[in-house]
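Structure first, then comments.
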Amino acid sequence: MSLLLTACAGPPVEVNPTPPGPTSPPSSTPPVPAGPVLTRLAGTLGDAPADTTRGDFQYVERRTWYRDVIGPPGPTGWPERVRVEQLWRTDDAADGRLVSVHVDGGGCIPDGGSGSWAGRTGDRFDQPPPRQPDALRTHLLIAGGPGETRSQDIVGGIAMLYERHAPTRPVRAAVLRLLAVQPGLLAQSGVTDRVGRLGMDVILPYTNRSGVPWRDILTIDEHSGIVLAAHSVLAGPIPPQDPRLGPEATDMIIAEAASYRLYVDSRRTPNTHTPAAGCQHPTLRAGAGQRLGRPATHRMAEHLDRLRQHHTTSNSNPAKPVGIPVLVRA
């Protein structure tokens, strides 16, 4: 979007840095209006690890494939990276721990993004999410900022929710019911995420204020309702961009389309050292057989190259560094 990792059920998911992209296997169905599908799922949700595990801390693990936008892009764009982030947090966000590493060429590299995650009780988004769709909508829009109330802001808020919380069944049901009333959403069953977990894509097509056609996609487990992955794809040609955005505006849009967030684990845990953190994680330890390295497939690189061929940009001026792209965009 159970398929996610749990503390005691089955081996950890092994994430391949060169995984096949999200796919629609032959068994996938054509996209249909999402409302009835999501409403039905909300009423029949099965257990997820967050419902069956116990402990003082929520544990959330995410892996993100992205382009590292620093300096001018090279012949094939900016370099690709894989970031692994582990978050432990109490329900009130008063105590916690965040550990972040990069995986490169099969090796695990601490990136300095580790330390205490405490004293965030003043951040409303980090407080327990509501269990009613209307109240949840208000909560999710905190992430978008004032005036951002579009469907893409809702979808982006849900993606962020899964980065900061381990939602229980009532919250997951509210998420699905909120998505069900968003106009224009489509659902496609029988798809897989980057590690082969079967789910359903919830797809939001739209054109942003810069005229760029996007499809924001949440891949959801059709049993538990957990969000398995979040990503965006370009749905058509990129129109000429405002020259004030700089000569690399189109390249940055293409780089954003290469971003992919995989929600690997979402449950409760007794402390901030379970499971092991950073490069000591079972799938990241040296000799553990993990294959993390180059994050994108050759097919994805070819796709980005084809997009780039339609848009000539100058590489003469360095671009400002940016963080990992988010789903919410102007």
Side-chain angles (χ1 to χ4, degrees), residues 21-22 31 64-83 125 137 140-161 163 179 182-186 201-218 229-261 295-297 299-330:
T64 305
W65 286 256
Y66 70 102
R67 295 292 179 113
D68 193 7
V69 183
I70 297 178
T76 59
W78 285 284
E80 297 166 320
R81 300 283 185 262
V82 183
R83 175 176 289 166
F125 194 84
R137 179 181 185 276
L140 294 175
L141 291 175
I142 295 171
E148 301 299 341
T149 59
R150 301 159 298 176
S151 293
Q152 54 263 46
D153 300 303
I154 298 291
V155 171
I158 292 169
M160 184 171 288
L161 181 77
E163 296 179 8
L179 283 171
Q182 302 307 307
L185 261 68
L186 301 172
D201 277 351
V202 176
I203 306 164
L204 174 65
Y206 67 96
T207 300
N208 72 4
R209 292 166 183 155
S210 298
V212 180
W214 288 98
R215 284 187 294 157
D216 286 352
I217 301 172
L218 300 174
H231 69 290
S232 299
V233 297
L234 289 166
I238 302 172
Q241 297 297 293
D242 189 330
R244 292 173 296 181
L245 297 175
E248 287 150 357
T250 296
D251 279 289
M252 293 187 72
I253 293 170
I254 294 171
E256 185 175 358
S259 176
Y260 187 92
R261 280 180 278 180
T297 63
R299 182 177 64 179
M300 175 63 78
E302 287 181 342
H303 173 63
L304 296 177
D305 287 342
R306 285 196 298 270
L307 287 171
R308 195 173 288 105
Q309 289 170 7
H310 287 87
H311 311 281
T312 302
T313 58
S314 168
N315 294 338
S316 58
N317 296 319
K320 294 182 180 179
V322 299
I324 295 175
V326 296
L327 290 182
V328 179
R329 53 181 68 81

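Residues take their numbers from the sequence shown, with the count starting at 1. This structure is a prediction, so every number in the text was calculated from the model and none was measured. Only heavy atoms go into these numbers, but all of them, side chains included; no hydrogens, no water, no symmetry mates.
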Taking all non-hydrogen atoms of both residues into account, name the closest pair between [X] and [Y] and its distance.
X      : Y      : value
Ser259 : Thr64  : OG-CG2, 4.3 Å
Pro237 : Pro213 : O-CD, 3.4 Å
Phe125 : Leu161 : CZ-N, 3.7 Å
Thr149 : Asp153 : N-OD2, 3.3 Å

Going by heavy atoms in the side chains, are [X] and [Y] under 4.5 Å from each other?
X      : Y      : answer
Ser210 : Gln241 : yes
Val212 : Pro239 : yes
Leu245 : Met252 : no
Trp214 : Thr207 : no
Leu179 : Val155 : yes

Using 30° and 60° as the class boundaries, would you call the ring planes of His231 and Tyr260 parallel, tilted or perpendicular? tilted
Identify, with sequence neighbours excluded, every residue that meets side chain to side chain donor-acceptor pair (under 3.5 Å) alongside Gln182. Ser151
Pairs in or reaching into residues 238-247: which pass salt bridge (Lys or Arg N to Asp or Glu O under 4.0 Å), with residues at least two apart or in two chains? Asp242-Arg244
Taking atom [atom1] of [X] and atom [atom2] of [Y], what is their separation to the nearest 0.5 Å?
X      : Y      : atom1 : atom2 : value
Arg137 : Ile154 : CZ    : CD1   : 5.0 Å
Ile253 : Asn208 : CD1   : CG    : 7.0 Å
Ser232 : Leu218 : OG    : CG    : 9.0 Å
Thr250 : Ile238 : OG1   : CD1   : 5.5 Å

